[in-house]
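Notes for the one structure printed next.
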Amino acid sequence: MSYFEEKVVMLLSDVIKELSIEEIREALEIPPDSTLGNFAFPCFRLAKVYRNAPQKISQKLSEELKDNEFFNKIEANGPYLNFFINQEALAKKVISEILKEKENYGRSDMGKGQKILVEFSSTNIAKPFHIGHIRSTVIGNVLRNIYRFLGYDTVAINHLGDYGTQFGMAIAAYKKWGDRETINQNPIREILKLYVKFNEEAEKDEGLTEEARNWFRELENGTEEAVAIWSWIREISLQEFNRVYRMLGIKFDSYAGESFYSDKMQVVLDTMKEKNLLEESEGAMVVDLSEYAMPPAIVQKADGSTIYLTRDLAAAIYRKDHYDFDKNLYVVASQQNLHFRQLFKVLELMGFDWAQDCEHIAFGMISMAEGAMSTRKGRVIFLEDVLNQSIEKTKAIIEERNPNLENKDEVARQVGIGAILFQELFNNRIKDYVFDWEKVLNFEGETGPYVQYTHARACSLLESGKYTPTEINYSLLTAKEEGDLLLSLYQFPQIIVDAMGKKEPFFITRSITDIAKKFNRFYGACPIKTSEEYLKNARLGLVYAAKTVIKIGLSILGIDAPERM
Ligand code: ARG
């Protein structure tokens, strides 16, 4: 419960004895428009109790409640009683708290003792780490950061796609046309070539598909040659992926991917058999889910090989045993909705009541203005290339705008990567979006560079104002622009909690964008350098508060906050 909300509840509970504190709290609303106040208490519920019209009641309450140090106006508006926060009290509350907590403002221990697994990225070995993977990678990482900031014990899992029939294909292609040296030099791009060639050839020669299937069988049976080629491919792929993770500043606690479960599936199949869940269907083993309006879940193919779903069943069970999670989150594209519904249902039918603690965090598609990608045809945009391009473009912009900047390369990296992450995190995750260079690198719009630039501007104001936090006279911060900024800073901690509740990183992105905009309005309307000493000091206190909150927000989003740009 937030500070001022609590004050409203206390004031009201003094004059309304007929409702409990809980009831008052629940009834309290936040008006859509702040000119109607910061809180509104609707009096409809009291009409029955007091046998009076709500309009009359709100009027009477407004007369009973006197203005006080927290609210400088408490007024009736029809059936509502509106509360206006006193700007001095707001400034004092927000700025003094940020001065005290610094970069821990908003941090909490609400998650203490709870373990949250966040599975994200989960790229496929031997395949490109392409722009399409950015979504799971980035959204997952931010969710993890949010939980961590709120005191949860988190585990970041990369459920690598390092197993399955496609490896039969990779091995077969390598045996036919591959050269170890060439591949070692440029692993994924070379394997991609092989993969494309394989698909072309397989259209002419059906025997190839059979060959690939045989190699996968060899791999499942643990044949030395198949395993050796597979682990080499896994190794070199991971090296490449890790390069991208390093650029993004992302670390995983576990890389237990699909192959990790290759020896843990038989037990799962046995358990399902024991529970009478399995049925045979054209040689394959399936779980009938018609009762739940879903197609049957195939857990074993006719040729005896296991599949993706079986490995996910084994993975979920292993995770529960190994981590004893409170929540197990899967950050995976919405195309896999059915897969996860089937997975969770089968777990439930197997008798695992923790199935309800598993959740699919879905997101929509990203597309490129250049048109659709196709790994099969080799038409792919590598994420690493996009990041590097963004860094290059940023460097060119810096050369133009601020050629004397120190650490140009480092700043270009921070801003170039930040720009991509920011765009990725700007919308509701379920929404599809088109990747757009114009938008990404704009310094004016609602973009990463804009927010980072605002942060840098605040840093330089603090530096040139020789700001040292001293006694601040909060009563001097009376401008509307100051009040607007203060209110957004005040709301920030609650926004982090809401972002966690809805699992929506964009709440935070929008909040710091809003703070940056309000900061710039404040900066435009309220002179700092030329102000009288006390006023200057109070305004610099607000600059410090805004700068700190922007930095916290960026850091949760996995974005750096350079002090000069
Ligand atoms: N590797 C899969 C893909 O790229 C995503 C894995 C999602 N996670 C899971 N536990 N099934 O499509």
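Counting starts at 1 for both ligands and their atoms, following the listed order.
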Any N/O of [X] closer than 3.5 Å to an N/O of ligand 1?
| X | answer |
| --- | --- |
| Q336 | yes |
| Y308 | yes |
| D312 | yes |
| E119 | yes |
| Y330 | no |

Hits for salt bridge (Lys or Arg N to Asp or Glu O under 4.0 Å) against E103, two or more places apart or cross-chain, chain-then-number order -> K551
Any idea how [X] and [Y] line up, ring-wise: parallel (<30°), tilted (30 to 60°), or perpendicular (>60°)?
| X | Y | result |
| --- | --- | --- |
| F340 | Y330 | tilted |
| F120 | F252 | tilted |
| Y245 | Y255 | tilted |

Residue set satisfying side-chain hydrogen bond (donor to acceptor under 3.5 Å, both in side chains) with Q300, at least two apart, ordered chain then number -> none
In ligand 1, the atoms that come under 4.0 Å of a heavy atom of H159 are 8 (N), 9 (C), 10 (N)
The atoms of ligand 1 lying under 4.0 Å from a heavy atom of F340, numbered in the order shown, are 9 (C), 11 (N)
Return yes when R311 approaches ligand 1 closer than 4.0 angstrom through a heavy atom, no otherwise.
-> no
Looking at K327 and D357, is any side-chain nitrogen of the basic one under 4.0 Å from a carboxylate oxygen of the acidic one? no
Contact region, F120 to ligand 1, non-hydrogen atoms below 4.0 Å, reads neither
the protein heavy atom lying closest to atom 1 (N) of ligand 1 turns out to be N124 OD1, 2.7 Å
- Does NZ or CZ of R180 lie under 6.0 Å from the centre of the six-membered ring of W232, at an angle within 45° of the ring axis? yes
